[in-house]
Every structure is written in structure tokens, then in C-alpha cells.
Chemist: 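So that we are looking at the same thing, I have put the structure below in C-alpha cells.
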Number of protein chains: 2
Amino acid sequence: MADRIVRIVLVGVGNVGRGFLTLMEMKEGVLRERYGLQLALVGAADTSGVALASEGLDPAQLLELKAKGRGVAAYPGAGRPGMAAADAVRRAGADVLLEASITNLEDGQPGLGCMEAALEQGMHVVTANKGPLVLAYPDLAAKAKARGLQLRFSGTAGGALPTVNIGQRDLVACEVHRVEAALNGTTTHILGRMEEGATYDEALAEAQAAGIAEADPTLDVDGWDAANKLVIVANSVLGYPARLSDLAVEGIRGITPQMIEAARAEGKRIRLIGTAEREGEGYRLAVRPTWLDADHPLGRMSAHEMGVVYHTDIMGVITATVAERGPLGTSAAMLRDVVDVWRS
Amino acid sequence: MADRIVRIVLVGVGNVGRGFLTLMEMKEGVLRERYGLQLALVGAADTSGVALASEGLDPAQLLELKAKGRGVAAYPGAGRPGMAAADAVRRAGADVLLEASITNLEDGQPGLGCMEAALEQGMHVVTANKGPLVLAYPDLAAKAKARGLQLRFSGTAGGALPTVNIGQRDLVACEVHRVEAALNGTTTHILGRMEEGATYDEALAEAQAAGIAEADPTLDVDGWDAANKLVIVANSVLGYPARLSDLAVEGIRGITPQMIEAARAEGKRIRLIGTAEREGEGYRLAVRPTWLDADHPLGRMSAHEMGVVYHTDIMGVITATVAERGPLGTSAAMLRDVVDVWRS
């Protein structure tokens, strides 16, 4: 049987995008053998501009350019310096947009514009970018549905952890009373190091040196990344159209070694936890440092894990955790979503 | 939009089947609102015989009969005493067979015959019965595929725990190096009670009195239930056509309080663990009592949980656990599968 060729356009060639290109090469045989799929990269966009090639770009060559500090616009014969990403989406003639540009919580751009352009063109959307979903999930989901297109984002709520997939596909007919989520790896790492004796400043500096935390750590340590993920879960799993402004958000900057020690003395651990609690017809959402019992499904996790707990009426309490290092899990989740679009 | 009516025939009206009937009533509104589905029970079979009604049987009335110790054949106007279950499958005119009869590892009957009859009739199959899958998974899966029918069994490997779903749908393009599974709740319960000071015999007797263990506990305590689940995971997730006879199986009868104590002294717990370990082109499968570190994803579980760990190449280590009491989770998994058949 001939393979189905899936034409993709990739927007954003940072850690996650480069991971996807790496997987395209590494998993070429597996994709063909298991799923009968062959991926063709017909376009790519980054801050340098765009590369377009209907016969397909070579992922290895793109990775080489990026390793040399150059952008996709330098791709021989296919580069279009300065062209906007959304134009690449319109011109690439792809079946699916892979959106992996940077999270922008102001206006969601350039990701949001690219996703809207893709849906208008009749393309499925797979995204690892939380910004557009946090700002415009109900609208994007409605547009995709109206056009019979798929909107997939299983990598936006804990890398490879199937947070959204379990919630949407496995908790069928369930009432979800409560969700608890520890989906920000950076704060878990920092709090874990503090349990080993580091101060907050030391643990943060270490995490930054190791590339785990950003130079500007605000998004992580002030709780906004965790809040973004909770908003996505609320919208997509709970069917509750929450916005960031609905959440009470508190980060971990105020956590002291004394607080860590006091928690430990009671057999507890402090973690940054997002919770969604059923309240009337909706949910009450919050992100805050939380004292967890040592046998709580998230309290017992190692500092290298992310996890989510769903409390349900008919399926008990379901917990999923992932231990992964680096951004490859998120890239793998995008690949999962691409295959899923063609399986369903 | 008019609801899609799904006509089902239920074989086996024990704990799991009765749980399904309860959910049919409890979730009628949710099924209609969320999924646009309406379930019609056009047939049911138990050891008394069969009840058939093209206009639908009333789940409440069936539950009432069972509560009185009577069988489905006593259903007024629809009962057919002594009719075989497979004949009910052939005559019911259903869209999907729900198979919840008792696990039989000798020849898989009556479940296997019912499942084959259903596939021959062009019906989808949802089963909570491990026997036919353990004995004939490759054949059943091939028959379903050849006819474009679905074969779903998400409740056979840990109740509501999405063991199979995560493995089949989320670990896309992954190489699974290793699976570890603690999916037999009875042995975990017994070992947990032994950690609290009970002897094996005491813990078993308690579990039997509480209805957690069967009067004949062989299937659980000798490891065969765990082995069945591992065979199903190997076949359906790993694509490895394992049979029960391929497994090294050791149960927990030999576990003494001294062994529990020795493990505890090293900070460990003993649990009955099924493992599948990559070996050449296949997997090496075993079920045995295993000393687990306290921070192992299955070692840290409470005695009320079941869990599975997938070690992968590109998605890290993904663990899922469920805490549920009683058989309702398995019934809920059957309902999930029914809805899934119509969603996909």
C-alpha cells in the first residue's frame, strides 16, 4: 500500500521545532511501517523569514543551518528572507500546520495569526504554543469544528504527558470533580533543590545555568506557565471557558528554606499546583504553592516529573505522570498529534 | 440534531454487567448531551438464558430481577430461558456486543463464541472479558480489522485505568523499552495489609470477606490475572503476540511477614509486578513478586491503586495509576469504549 504523504509547514524552529525535525528523521521508518505515513516538510518559518519547497525541505539541512546560528531564510534555493510566517502558511500548500513559535500572552502572535490562516486554508493545526490557546481557545476550536478540521495540542500541558488526551478521550461520560496539576517542571526542579538545601536564589541560578529556567524566569516562577496549562485543561477537558484573568495565581518567589523545612517536618512537600474545583456550574481555578502530603499522587513525584490528577465520579482518581528531560517530549507530542490527525 | 441510537446486546450480567446497566441509567443525559448518543439494550444474556426486545429492555427492570436472584430469562415478555448467549448475539440485531461474561482461560467460552458471532454479524465488540483476548487476540483483532469493525477492551487492564489507550494512542511512534504493571488489585491489597502486620492467610481471608478476593483466589494470588493483563498489553500495545505460556509467572503465596519486613528495612515494598522487557525483536515477559524502591512509580502507590509504567525512547517514562473501589471502573471503561466506537 502506498504511503499517505502528509505535507506539513513548521512555524517556529526553536528547541521544540528542532526536536520535531530530529524526530522526522529518526522516526521516518517507524511512521511508514506503523502508520503508513510519510511526512513532507513543504515550509518552515522562523524570525529570519521563510523557506518554501513543494518537493520538501531536508530536515537535516535545516538543523544544520540552525546549528550554525542561521535561519531558515538561508535555505539554498528555498529561502525567502523577511517573509512573514502567516504568508508561509498561506503559500505552503500544506495539509497541517505545526505551530511551535514562542508563547506570547499579549496578543498570541505570530502563532495565533498562523493558526487562523491555517484553518481558513482548510489545514489541520497541531500546536505546542500555549499563547493562542490561552487567549482564544473557544474561537479556534469552533473554527476548526465548523470546517471539519482538527486542532491538536497534546504537547501544551506537560510535554509528552497525555494530560489533554486522557481528559478528552478516556474520562468519557465522567463528571470531573477536581483536577490537580503539577505541570511546570522548572518550579518543581527549584523546589526539589531547595529540599536538598539550596536557597531559592541558588536553585534558580542553577536552573538557569542548566537551561531549565529562562533568563527571565517570570513565566515559570510567578506561576503563569502553570496557569496557562490550567486554562488549556479547563477549556479543552472540562468544557469550561476559563480565561487567565479568572485564575488566582501565586508563584514560588516567596518560598523560603524555612517554609520548605516546616513542610518537611510535617511530612509534606511544597509544589506549585494548579487546581480546578467544581463549583456550581463551573470551576474555581487557582495556581499556588501547595503543601502536599508525601502520599499525595503529586507529592510523591520526584523533582523530575510532571503530573496531573483527575478526580472523577465513575472512574475513581486517575493520575498520570511523566519523567522526561529536555524539550523532546513536547516535540514527540507534536508528532503524536500529527499521526492522530490521520488516524482519526 | 437527533441522537444516534446505539443498539447493544449485553452478555454477562455479573458485577461488571450490572455496573454497566447502572451507568446506562445514570449517564443517559450525559451521553445525549455530550456525545449525541442514546443506548438501547436490545438483548441481554446470562446463565439463565436470554432476553430480547428490539424496542429495548429496561435496565432498571433487569437490575431488579438480578437483585432478586433471578436471571434475564425471567424478563416479562422478552425472556427466553435456556437460549445460548451466542444465539442472542446473532438474533438481537445490535450494533455492538458488550461482553462481560466470566473469564475462562480453558477455551474462552462463552465469551469467545459471542465475540466471533458478533464480528461475523458486523457488530463492533466491547469486552471486559480477558479470556478471549488472552487466548485469541491476534485472530480477533484481524477479524475485526478485516471487517472494518472495532474491538475495544480498555477495561481489561486495570478497570478504568487507560493502560491500553495510553499505550495504543498516546505512545505514538515510540519504542517501548519496558513496561511495568501492577494491575492486580487483590494482591496489592493483600500485600498492603501484610505491611500493616497481617499474615498472608489473615489478609487473604479479610479480602475474601470484603468481596475483594474470590472464594477461589488462585487467579489473583498465583499471578494469572496479572499475567492475563500483561498478555493483553503485549499483544495490543507492544504488537508482540505473546501467549500465557510465554510468561514466567510466580504468585504471592510464598510471601511471608519476614520478607515484607526485610523489604521494609531496605526502604522497599513487595508488589506483584508484570514486566515486559525488550529483548531482540520481542519482549521477555514475567509476573513475579518484586521488591520496589519507595520512589519507584509503582512502589510509591497506595494499596488501593493499580498502575502501569511505560519506559519509552522519545516520551520519557510515563506512569498512570488509578484509585478506584469496586468494579464500577471496569463498567465505566466499557461505556468509554462504546462511546469511542462512535466517536472514531
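Within every chain, numbering begins at 1; the chains are lettered A, B, ... in the order of the sequence lines, protein sequences first and strands thereafter. This is a predicted model, so every value here is computed, not measured.
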Chemist: Specify which of Ala333(A), Ser331(A), Gly329(A), Pro162(A) makes the most heavy-atom pairs with chain B at under 4.5 Å.
Modeler: Pro162(A)

Chemist: Measure Ile318(A) against the heavy atoms of chain B and call it side chain, backbone, both or neither at under 4.5 Å.
Modeler: both

Chemist: With respect to chain B, which residue among Ala323(A), Gly159(A), Ser154(A) yields the maximal number of heavy-atom pairs within a distance under 4.5 Å?
Modeler: Ala323(A)

Chemist: Quick check: under 4.5 Å, non-hydrogen atoms only, which of residues 295-305 of chain B neighbour chain A?
Modeler: Arg300(B), Met301(B), Ser302(B), Glu305(B)

Chemist: Between Thr330(A), Val338(A), Asp313(A), which has the largest tally of heavy atom pairs under 4.5 Å with chain B?
Modeler: Asp313(A)

Chemist: Considering residues at least two apart in sequence or located in another chain, which fulfil the salt bridge (charged side-chain N to carboxylate O under 4.0 Å, His left out) criterion with Arg193(B)?
Modeler: Glu196(B), Glu206(B)

Chemist: Is it the backbone or the side chain of Ile314(A) that comes under 4.5 Å from a heavy atom of chain B, or both, or neither?
Modeler: both

Chemist: Can you tell me which of Glu175(A), Lys27(A), Glu33(A), Glu324(A) forms the most heavy-atom pairs within a distance under 4.5 Å of chain B?
Modeler: Lys27(A)

Chemist: If I compare all heavy atoms of Met315(B) with all of Val322(A), which pair ends up nearest, and what's the gap?
Modeler: O-CG2, 3.5 Å

Chemist: So for Leu328(B), is it side chain, backbone, both, or neither that comes closer than 4.5 Å to the heavy atoms of chain A?
Modeler: both

Chemist: Heavy-atom pairs under 4.5 Å with chain A: which of Leu23(B), Val30(B), Asp170(B), Leu171(B) has the most?
Modeler: Asp170(B)

Chemist: Do you know which of Arg325(A), Arg34(A), Arg169(A) has the most heavy-atom pairs under 4.5 Å to chain B?
Modeler: Arg169(A)

Chemist: Ignoring hydrogens and angles, tell me if any N or O in the side chain of Arg336(B) forms a donor-acceptor pair with the backbone of Val172(A) under 3.5 Å.
Modeler: no

Chemist: What part of Arg343(B) gets closer than 4.5 Å to chain A, counting heavy atoms only: side chain, backbone, both or neither?
Modeler: side chain

Chemist: Checking Tyr310(B) against chain A: side chain, backbone, both or neither under 4.5 Å from a heavy atom?
Modeler: neither

